[in-house]
Protein chains: 2
Amino acid sequence: MTNKQKKESVTISDIAKKLNIATSTVSRALNNNEKISEATKKKVQDVALELGYEISLAASSLVKKSTNLIGVIVPKVGSEFYADVINGIQEKAQEKGYKVIICQSDENVKQEIEMTKVLNATRVDGVIACLSMETKSVEHFKAFEKNNIPIVMFDRVSYDINGPKVVIDDYEAGYVAANHLIKIGRENIAHLSGNTQVKAFEDRTHGFKDALKEHKLPLHPQFLLSCDLSEKDIRTALKMWMNGAQKPDAIITSSAQSGLILTTVLKSMGYNIPEDLSIITLGNTASNEFITPTLSAINIPGKEIGRASFDEIFTCIKEGKSSNNISVKPIQLLIRNSSFKA
Amino acid sequence: MTNKQKKESVTISDIAKKLNIATSTVSRALNNNEKISEATKKKVQDVALELGYEISLAASSLVKKSTNLIGVIVPKVGSEFYADVINGIQEKAQEKGYKVIICQSDENVKQEIEMTKVLNATRVDGVIACLSMETKSVEHFKAFEKNNIPIVMFDRVSYDINGPKVVIDDYEAGYVAANHLIKIGRENIAHLSGNTQVKAFEDRTHGFKDALKEHKLPLHPQFLLSCDLSEKDIRTALKMWMNGAQKPDAIITSSAQSGLILTTVLKSMGYNIPEDLSIITLGNTASNEFITPTLSAINIPGKEIGRASFDEIFTCIKEGKSSNNISVKPIQLLIRNSSFKA
DNA sequence: ATGAAAGCGCTAACAC
DNA sequence: GTGTTAGCGCTTTCAT
């Protein structure tokens, strides 16, 4: 193993020496302090530029006890929904002069725990997080509290953690989706749910069940399946359902991504959509419009959730204390070809 | 405006006081230093846990001059390709005990400049970056050099910046795509390119042109279009092409995302693919398989590029100096229905 | 095996 | 308007 080099960075004392002034003057000049003469400011800025000076966040945040950094933990950066959320956060953050650092748990608790450690160690001013599908205990989030780092959770949240939440009405999402399918005449509706230990998925399931109950439709027990929505799980579910005595005539799936796979597999099995089955996805994605048939969806407003999450964390930081606000963002039923009335 | 609170975090001196020992002992115990007795280590670790202690990266990196952080700058986190790259980086980073912080330029130079500042200020141990579509001057990346932060660039790179590069052979990508279309009998091939001030796009265009030349096919000047591949640009291009005297019978587009839009617009204009035109995208995405017709593509191995990029940055960090390695990753022609031989 | 002290780069009183 | 000094939380000689 080779040596870790010491990195010689340019510091304010380099600037100070070159100009033969005090480091505090340099610091003030760089921070545009009003008591520093324009002449000095100019000199300092010029030398800073010349030397390629960049502030050390480590040093300055050590004394200021604030990093102007917001940490974001999402399961997958590549998913359209999380990408939207990130964009919403970044848009607002920029407005307010905050920088955003993004971490990915990859739907993996171990990784999520790592990320909480990094963000803690970095002493970000605030955290915005969405739980991984695997996350059961939320102990690792408690460290933020101890370090007085406020945290807002969105989408897949835990009420065991203090702080604002930004969510949709997941019960409503499940209800509206089921209701729509019932209205177009479907009677044997299956629900491919994410892990129901996650509250969001549990709530959707609830809404789904209640819609059936209200319309006095049967809930075939095997038609309510909690899984991790992987391609493998989807294939297994489909095999079971479509080979059973009672086939579903509609499927609600709890992620946009799974809808695409579902449709592709079903088509390859020889089924026609929406003639044989209707499909609707909880969560929307651009590909829902590209696939044949286009896929109906419940839209979850990612960007808006991102913006709201930043607003919440910003308030916490400014007030120096967490609220327990729960902000519920509106969903939207998007009817496309996969659930057209026959 | 309200007050910025001081955040009282738990420090090693809290632990030291509680145990009535020196902070240096605590530090050693926490770092598992061999000279510390097991008894002391245990005591320290217990109290650390009890108090919810988390190291301050700011403080420790200040003295160690190393953060164990890798900064990544990508244009869009939501794009499948960049998400793959990020996953590749993270996989390797985890292996080696590095943490990754992800920044998004949003294809925007101003934002990109901001990100370089953040990463500089954070004194990450290394940077992995892909230029935004807008980036012309790369002056803002020079600061990394001055701070002795190594940087590897991938995909859209600039050779004005020192350091390793991880790329594909873009010339080949353009060539192979064109060649494939020629082989299936296409003669009026259009190329919707990204901004050709970006070397990758320029190279692809070169490969495209050379393939035509080699087969003595005409290049209609209006069929080579450099734009930012937005939906608006695509519609404009299509309007121009399809209303012209000479219509293209094939289109190569320089991003996966644009292929989906292209296809959708073309279909809505009443054209049949691949009967009227063939399409191939430079870069692949899962949706290329969902859309009808499925879209041929040149696959660019994102995850592999990510892994290689981390390997390169890791070497730089360990050796304490940048190489100028250029690592070229293999591409792959994926023939799907949009370019099937008629 | 542990402690004392210096110092990383910066900011914030407090002087003048 | 600028300098002096202390100190943020940590690691690292150098002692013992």
Side-chain angles (χ1 to χ4, degrees), chain A residues 3-44 48 51-68 120-123 125 146-149, chain B residues 3-44 48 51-68 120-123 125 146-149:
Chain A
N3 48 320
K4 290 214 182 194
Q5 315 297 118
K6 302 211 183 294
K7 297 205 218 115
E8 298 283 311
S9 335
V10 184
T11 72
I12 53 169
S13 88
D14 293 332
I15 302 178
K17 263 175 216 151
K18 181 141 190 175
L19 253 28
N20 219 353
I21 59 180
T23 57
S24 51
T25 306
V26 176
S27 172
R28 290 188 189 104
L30 256 13
N31 287 296
N32 209 15
N33 183 308
E34 62 246 332
K35 327 194 95 176
I36 298 292
S37 72
E38 286 307 318
T40 318
K41 276 186 192 170
K42 171 119 185 59
K43 271 191 287 183
V44 169
L51 265 38
Y53 169 81
E54 294 280 346
I55 192 175
S56 161
L57 235 193
S60 96
S61 75
L62 234 201
V63 12
K64 293 209 294 187
K65 292 177 177 311
S66 136
T67 51
N68 258 35
N120 249 309
T122 308
R123 301 288 197 270
D125 288 354
K146 295 204 178 145
N147 275 318
N148 290 309
I149 299 176
Chain B
N3 48 319
K4 290 215 184 193
Q5 316 296 118
K6 299 207 185 297
K7 297 204 217 115
E8 299 282 312
S9 334
V10 184
T11 72
I12 52 169
S13 89
D14 293 331
I15 302 179
K17 263 175 217 151
K18 181 142 192 175
L19 253 28
N20 218 355
I21 57 179
T23 57
S24 48
T25 306
V26 175
S27 171
R28 289 187 189 104
L30 256 13
N31 288 296
N32 208 15
N33 184 307
E34 62 245 334
K35 328 194 94 176
I36 298 291
S37 73
E38 288 306 319
T40 317
K41 277 186 192 169
K42 171 117 186 61
K43 273 191 287 182
V44 169
L51 264 39
Y53 169 80
E54 294 280 344
I55 193 175
S56 161
L57 235 194
S60 94
S61 76
L62 232 202
V63 12
K64 294 210 293 187
K65 292 180 177 310
S66 136
T67 52
N68 259 33
N120 250 308
T122 308
R123 300 289 196 269
D125 288 353
K146 296 204 179 144
N147 275 319
N148 289 310
I149 299 176

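Just so it is clear, the model here is predicted, and its values are computed rather than measured. So you know, we letter chains A, B, ... as the sequences are listed, proteins then strands, and number each from 1.
Residues of residues 31-41 of chain B that place a heavy atom closer than 4.0 Å to DNA chain D, in numerical order, are B:N31.
When the C1' atom of C:dT2 is taken as reference, atom CG of B:L19 falls 13 Å away, rounded to whole Å. One atom, CG of A:L30, and another, P of C:dG9, lie 15 Å apart when rounded to the nearest Å. Here D:dG9 presents its C1' atom at 8 Å from OH of B:Y53, a figure rounded to the nearest Å. As rounded to whole Å, 11 Å separates atom P of D:dT11 from atom CD1 of B:I15. Going from atom CG of B:N20 over to atom P of C:dA4 covers 10 Å, rounded to whole Å. Remark: P of D:dT16 and CD1 of B:I21 are 21 Å apart, rounded to the nearest angstrom. Atom pair B:I12:CD1 and C:dT2:P shows a separation of 15 Å (rounding to whole Å applied). A:K42 has its NZ atom 19 Å from the C1' atom of D:dG1, to the nearest Å.
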Distance-only check: which donor-acceptor pairs under 3.5 Å involve side-chain atoms of residues 22-31 of chain A, not counting sequence neighbours?
from  : atom 1 : to    : atom 2 : distance (Å)
A:N31 : ND2    : A:S27 : O      : 2.8

Check: residues 52-61 of chain B side-chain donor-acceptor pairs under 3.5 Å, at least two apart:
from  : atom 1 : to    : atom 2 : distance (Å)
B:S56 : OG     : B:A58 : N      : 3.4
B:S56 : OG     : B:A59 : N      : 3.2
B:S61 : OG     : B:L57 : O      : 2.9
B:S61 : OG     : B:A58 : O      : 3.4

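Between C:dG9 and A:S13, no contact under 4.0 Å exists linking OP1 or OP2 to a side-chain N or O. Contact annotation: A:S56 side-chain N/O to C:dC10 OP1/OP2 distance is not under 4.0 Å.
Counting heavy atoms from C-beta outward, A:K43 and A:I21 have side chains that stay 4.5 Å or more apart.
Annotation: the terminal axes of the helix from C:dA1-D:dT16 to C:dC16-D:dG1 meet at 40°, where each axis is the rotation carrying the C1' atoms of four end pairs onto the next four (5 pairs per end, rounded to 10°).
Between B:D14 and B:S9 the shortest heavy-atom distance is OD2-O, 3.9 Å. Listed here is the closest heavy atom pair of B:T40 and B:I36: CB-CG2, 3.8 Å. When every heavy atom of B:D125 is checked against every heavy atom of B:N68, the shortest pair comes out as OD2-N, 2.8 Å. Between B:L51 and B:K18, the closest heavy-atom pair is CD1-NZ, 4.2 Å.
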Strictly under 3.5 Å: I want the nitrogen or oxygen pairs between protein and nucleotides 4-8 of chain D, one per line.
from  : atom 1 : to    : atom 2 : distance (Å)
D:dT4 : O4     : A:S24 : OG     : 3.0
D:dC8 : O3'    : A:K65 : NZ     : 3.2

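In this structure a side-chain-to-backbone donor-acceptor pair under 3.5 Å is missing from B:N147 to B:I149.
Partners of B:K41 by side-chain hydrogen bond (donor to acceptor under 3.5 Å, both in side chains), not counting sequence neighbours, listed by chain and number: B:N32.
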